[in-house]
Amino acid sequence: MLPYPSGKLHMGHVRNYTINDVMLRHLRMKGYNVLMPMGWDAFGMPAENAAIANGAPPAEWTYQNIGDMKTQMQPLGLAIDWSREITTCKPDYYKWNQWLFLKMLEKGIAYRKTQVVNWDPIDQTVLANEQVIDGRGWRSGALVEKREIPGYYLGITQYADELLDCVETKLQGWPKQVRTMQENWLGKSEGVRFAFHHMIRRDESSASPLHLQGEGRDGDGFQSATDNFIQDGKLFVFTTRADTIMGVTFCAVAAEHPLALHAAKSNQEVADFIEKSKTGDTTELALALKDKEGVATGLFVTHPLTQEQIPVWVGNYVLMTYGDGAVMGVPAHDERDFQFAKKYALPIKPVIDLVKSYSIEAWQAWYGEQGVCVNSGVMNGMNFNDAIDYVAAQTKLHGGEKKTTWRLRDWGISRQRYWGTPIPIIHCDDCGAVPVPEKDLPVILPDDLVPDGSGNPLKKDARFLNCACPKCGKPAKRETDTMDTFVDSSWYFMRYCSPDSATNMVDSRSEYWMPMDQYIGGIEHAVLHLLYARFWTKVMRDMGLVKFDEPFTNLFTQGMLSAECFYRQDEAGKKRWFYPSEITIQYDDKGRPVSATAIEDGKPVLMGGMEKMSKSKNNVVEPKDIIAKFGADTARAYVMFAGPPEQSAAWSDSGAEGVYRFLKRLYTYAVSVKNASSSSPIGDFALLSADAKKLRYDIHTILSQANHDYTRLQYNTVVSAAMKMLNALEDKKSATCNDWQIARHEGLSILLRVLYPLAPHLTWQLWSDLGYAAQHGDILDAPWPTPDAAALTQDEIELVVQINGKLRGQIRVPKDASKEAIEALALADASVMRHIDGAVIKKLIVVPGRLVNVVV
RNA sequence: GCCCGGGUGGUGAAAUAGGUAGACACAACGGACUUAAAAUCCGUCGAGGCUAAUCCCCUCGUACCGGUUCGAUUCCGGUCCCGGGCACCA
């Protein structure tokens, strides 16, 4: 995944790109043609914030950072093809964002509508949910308002079915966790949508239905988000539990629902409630803790099956953004409805036979359970599925139907931001919103503006703003909203295949490289980026631009890197964080760390445990410091050695030092081997001495383990394997006989190749110093080592002898010993005999090559 | 609340198909070298017991309880805890 150019390369980047590079070099040596490209996710808010702080254009800051990060990346020795480098804030890239957006407009995939957003009245901009803290803008501190403003949307919901199906059928190479998260995000629910009809006010004796159609349309002629929910006095609801329809005792609508807005006109209490729900904390936590609250509208609807009159309430727990913004209230079978009903003393009517006891307490344990309908008139005795079908059929007259509802909503891409791809639209007083003609692309973003923190500087830039309407030629204004930066990252990987094409977004070269065989990145992108990229790919496929359905065949999510942190807390509760270099740790006699003190005053400091590396906690490890101290090979190999790549790993300076020691030992050893013989000796492996054969056996055993670990991306144990090989080689270091030289050179050449993907610099040098390059060519072109079957066969093997599953002895047997011979040898072992001690042997189990188990 | 992961020494972790638990390292401790320190090298290193003994040997031990099996870190059922994701989604 391409990085955001923050200017600082952190250890997370090092981990990500090292995994990539190790895989790449390994596969390259195995003969594959491999491509590792790199790019910069260069648009976005941090650049604008830096620009405000520095009083300089974001472009300057961004390009400076790209240069800085590249400089920090290069010493790591990543085999990146820089000729394909992509920078998303360059016009030759974002032109294609605009181009595809226009194509989507033509096809009806992109459209304009009004949206309810968090609006910061001081900064004059939309805020993302994460930017609203305690109901206030994170930068301005102003109370955030909910506003309906027009914006552009991409119809990702049109692809909901395919996006879900492919998770099952085409993403087998993705981690299960990510697939589940995508499924949850799509959130498919099957149920029934139906209407409560004949809406009345109870105090109206005429009881004539209200007609509310048309209310809620906004001024500019676009269809309002709040439209379509009421037709001819009908209140539509969606439910997954239509089988509980006979238990409905009220209906509840969202505060933004047209029905609530209508009721507010004649009911001050409702109006106050709606006003209250507009402000207030919108964070998830606050929502979860909030009490179920509501107010009666005074309106009643008719139950489609019983014809009973059902009161309509406004409820704060009903979401306008899901289903129809209205629910049927069944307190006996839904926890939220139950809480609401209890608070406002609404009736509770159980209609599913779940438990014999009808006490509310007993009932609550059964929320969500399916059962047989009871207390439900004609529906009595129906099971879940029959009841659903029945309700769908019975409500058909008033528009009832079985329906699938998705949690997924269309993707709003408009941002009231400067540093992003301009949306290629021109607003004309006469012609409305007119797409920029293809020949006029790209709409260039001026890169010399300096935002001052109040609103979008594009709105104040006459050069950008003023233009002629492409339709009628009259003076018009450009759209000043820019695209969500997730657009940039939705297809950049395809552009790597044809980065130089001036005439096409992608060309036929993408067929060679795409779909991507291996995508590697953080779990934090499990939903948004990966879902958008999948959607974007399918859109491009439907436009005939690419031929594949899914962009990423295999996905690998690497774990976080954390590091130990230390702090002191003053009386006010304020924490002071110490750098590890400012700390001394005390150990008990078993080597357990028991306390820590500050070097400056010798007084105690608290140990905060392992935390995600964070500037504020002073536990960030800088790649450049590590490279300066130990070199790139240590940095790479240690980051891989620290733990399995998919798990989070803890950084430890002494751990890195351990890897550093290993590389130094390897160097010293290789030099000694080189000095012992000028060229690598050649001889028949079969004729070697027993000692030399043992070395070959060890090396080739470790090699087969390492090869297996390479295939499953478990690079931590590959580093272990390299260490084991060196340990085996260093044994009998001083032996100088020819046999030993032969086995030693073979082992060392295997070790160097196994370690090369992890520590390419040192191994490349040694490979050439030892003369292997002259023999086999550059290490990168050398054949990947495979275990020699002859080396792996031993004349004698060791077997474990168990008695009742407990280890009691070892025996050495010839490799082709018969079962009978093994049994006899096992029972003759002194330790085994002692343990059997006359007991009756019931059974003898011989597992070839492994063990003997004596059951007594 | 729901859905995913995970729980193994002082620490990071290993154990490929159910077959010697703790490989490989780190830390700690002891020693060699050194005037000294660093670096380097060697040794000990799950808990408890037996013992003159850091020889041997025995018992226990992979969160907890139970099951399957000749044999379970691994498979099954239940419980607890930790991490991540989603969440008034009707």
Side-chain angles (χ1 to χ4, degrees), chain A residues 175-181 183-185 187 189 191 237-241 244 252 284-285 287-292 315-319 321-330 334-337 339-340 367-368 405-407 523-524 526-527 559-560 564 585 587-594 610 638 641-644 646-659 661-662 664-665 668 702 704-705 708-709 711-712 714 716-717 719-724 727 798-810 831 834 842-845 847 849-856:
Chain A
K176 201 180 166 210
Q177 186 192 4
V178 177
R179 281 162 40 203
T180 307
M181 282 166 74
E183 283 169 358
N184 291 345
W185 190 266
S189 287
V237 298
F238 172 76
T239 178
T240 55
R241 292 303 304 270
T244 65
E284 285 169 17
L285 185 68
L287 282 172
L289 295 173
K290 208 158 71 175
D291 264 356
K292 309 277 172 291
N316 67 348
Y317 70 100
V318 184
L319 299 176
T321 48
Y322 185 79
D324 290 272
V327 297
M328 63 177 204
V330 186
D334 182 278
E335 190 175 359
R336 295 150 304 176
D337 294 345
Q339 285 173 18
F340 192 78
Y367 285 128
T405 296
W406 299 81
R407 199 189 89 97
I523 186 78
E524 66 272 18
V527 180
M560 269 181 354
E564 188 113 29
I585 297 174
Y587 299 92
D588 69 6
D589 54 357
K590 303 242 171 173
R592 284 178 272 231
V594 283
M610 289 296 169
Y638 175 65
F641 185 54
E646 74 281 2
Q647 276 176 36
S648 66
W651 177 268
S652 123
D653 268 349
S654 50
E657 253 174 78
V659 171
R661 270 201 289 271
F662 160 67
K664 280 196 292 189
R665 255 174 67 211
T668 311
I702 301 166
S704 57
Q705 178 225 314
H708 180 254
D709 291 343
T711 62
R712 55 178 179 156
Q714 193 171 293
N716 53 327
T717 47
V719 179
S720 295
M723 289 172 169
K724 284 179 191 175
N727 290 347
E798 188 167 89
L799 292 185
V800 161
V801 185
Q802 296 180 334
I803 294 172
N804 291 345
K806 281 200 167 70
L807 171 67
R808 295 302 182 192
Q810 280 101 6
S831 167
R834 201 178 68 242
K842 291 203 287 196
K843 204 172 173 186
L844 267 170
I845 293 152
V847 182
R850 286 214 180 255
L851 54 71
V852 181
N853 192 12
V854 186
V855 185
V856 300

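A quick note: this is a predicted structure, and the numbers were derived from the prediction, not measured. Here is how names work: the chains are called A, B, and so on, in the same order as the sequence lines, proteins then strands, and each is numbered from 1.
B:rU11 atom C1' lies 12 Å from atom CZ of A:Phe641, rounded to whole Å. Atom CD1 of A:Ile523 and atom C1' of B:rC3 are 13 Å apart (whole Å). Rounding to whole angstrom units, OH of residue A:Tyr638 and P of B:rA25 are separated by 14 Å. Distance A:Gln705 CD to B:rC24 P: 11 Å, rounded to the nearest Å. As a whole-Å value, the separation of A:Met181 CE from B:rG83 P is 17 Å. Distance A:Ile803 CD1 to B:rC70 P: 17 Å, rounded to the nearest Å. Atom-to-atom, CG of A:Asp334 to C1' of B:rA90 comes out at 6 Å; the value is rounded to the nearest Å. Rounded to whole Å, the distance from CG on A:Asn316 to C1' on B:rA90 is 14 Å.
When heavy atoms are screened at a 4.0 angstrom cut-off, A:Gln810 is found touching base atoms of the nucleic acid. Across all strands shown, A:Val659 has no heavy atoms under 4.0 Å from either base or sugar-phosphate atoms. In this structure, A:Arg808 reaches the sugar-phosphate backbone alone: every heavy-atom distance under 4.0 Å involves primed, P, OP1 or OP2 atoms, never a base. Contacts of A:Pro644 with the nucleic acid, taken as non-hydrogen atoms under 4.0 Å apart, involve only primed sugar atoms and P, OP1 or OP2. Using a 4.0 Å heavy-atom distance criterion, A:Gly187 is classed as making no nucleic acid contact. Within 4.0 Å of A:Ala650, counting heavy atoms only, lies no atom of the nucleic acid at all. A:Arg407 comes within 4.0 angstrom of a nucleotide base, judged by non-hydrogen atoms across all strands. At the heavy-atom level, A:Phe662 lies nowhere under 4.0 Å from the strands shown. At a threshold of 4.0 angstrom between heavy atoms, the contacts of A:Glu657 with the nucleic acid are absent. A:Glu646 comes within 4.0 angstrom of nothing in the nucleic acid, heavy atoms only. Within 4.0 Å (heavy atoms only), A:Gln177 reaches sugar-phosphate atoms of the nucleic acid but no base atom. Contact annotation for A:Val800: base contact, defined as any heavy-atom pair under 4.0 Å involving a base atom. Within the 4.0 angstrom heavy-atom criterion, only backbone atoms of the sugar-phosphate kind lie near A:Asn727; the bases stay farther away. No engagement by A:Asp337 is indicated, since no non-hydrogen atom pair under 4.0 Å with the nucleic acid exists.
Using a 4.5 Å heavy-atom cutoff, the side chains of A:Val854 and A:Gln802 are not in contact.
In the set B:rA14, B:rA23, B:rC58, B:rA23 carries the atom at the smallest distance from any side-chain atom of A:Lys724. In the set B:rG19, B:rC88, B:rC26, B:rC26 carries the atom at the smallest distance from any side-chain atom of A:Ser654. With B:rC88, B:rG19, B:rC26 as the candidates, the nucleotide lying closest to the side chain of A:Ser652 is B:rC26. Residue A:Asn853 has its side chain nearest to B:rG71 when only B:rG71, B:rA27, B:rU16 are considered. Here the nucleotide nearest the side chain of A:Leu807, chosen from B:rC58, B:rU20, B:rA14, is B:rU20. Listed nucleotides: B:rC26, B:rU20, B:rC24. Nearest to the side chain of A:Met723: B:rC24. Side-chain atoms of A:Val318 lie closest to B:rA90 of the nucleotides B:rC89, B:rG19, B:rA90. Nearest to the side-chain atoms of A:Lys806 among the listed nucleotides B:rC60, B:rC26, B:rG19 stands B:rC60. Taking every side-chain heavy atom of A:Ser720 into account, B:rC24 is the closest of B:rC89, B:rA14, B:rC24. Minimum atom distance to the side chain of A:Ser189 is reached by B:rA90, of the listed B:rA25, B:rA90, B:rA39.
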A:Glu183 and A:Thr180: side-chain hydrogen bond (donor to acceptor under 3.5 Å, both in side chains), yes or no, with the steps? CA-CA 5 Å; A:Glu183 283 169 358; A:Thr180 307; 4.9 Å; no
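In terms of polar N and O atoms assigned as donor or acceptor, the side chain of A:Lys842 never comes within less than 3.5 Å of the base of B:rC70 in a complementary pairing. For a distance-only test at 3.5 Å, the side chain of A:Asn184 fails to qualify as a donor-acceptor partner of the base of B:rC86.
Annotation: ring-ring contact (aromatic ring centres under 6.0 Å, His included) contacts of A:Phe662 (sequence neighbours excluded): none. In this structure, the ring-ring contact (aromatic ring centres under 6.0 Å, His included) partners of A:Trp651, at least two apart in sequence or on a different chain, are A:Tyr638.
Atom NZ of A:Lys176 sits about 14.0 Å away from atom CE of A:Met181, to the nearest 0.5 Å. Annotation: the span from A:Tyr322 atom OH to A:Arg407 atom CZ amounts to 9.5 Å, rounded to 0.5 Å.
Spacing between B:rU35 and B:rA25 at atom C1', rounded to whole Å, works out to 34 Å. Nucleotides B:rU69 and B:rA14 are separated by 25 Å at their C1' atoms, to the nearest Å. Comparing B:rG46 with B:rU11, their P atoms sit 13 Å apart, to the nearest whole Å. Separating the P atom of B:rG84 from that of B:rA13 is a span of 16 Å, rounded to the nearest Å. Using C1' as the reference atom, B:rG18 and B:rG71 are 8 Å apart when rounded to the nearest Å. For the C1' atoms, the distance from B:rG6 to B:rA63 is 11 Å, rounded to whole Å. Rounded to a whole angstrom, the distance from the P atom of B:rC42 to that of B:rC60 is 36 Å. The gap from the P atom of B:rU79 to that of B:rC56 amounts to 45 Å, rounded to the nearest Å.
Using a 90° window around 0 for the glycosidic torsion, B:rC55 falls inside it and is classed as syn. Nucleotide B:rA38 is shown with an anti base, its glycosidic torsion being more than 90° from 0. A glycosidic torsion no more than 90° from 0 defines the syn conformation, and B:rG9 adopts it.
Sequence order on RNA chain B of the closest nucleotides to A:Gln647 and A:Tyr322 puts A:Gln647 first from the 5' end. Looking at which nucleotide of RNA chain B each of A:Arg834 and A:Glu798 is closest to, the 5′-most match is held by A:Glu798.
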Just the dot-bracket of RNA chain B, please: which string comes out with Watson-Crick or G-U pairs under 3.5 Å, [ ] for crossing, | for another strand? (((((((..(((......[....))).(((((.......))))).((((.......))))..(((((..]....))))))))))))....
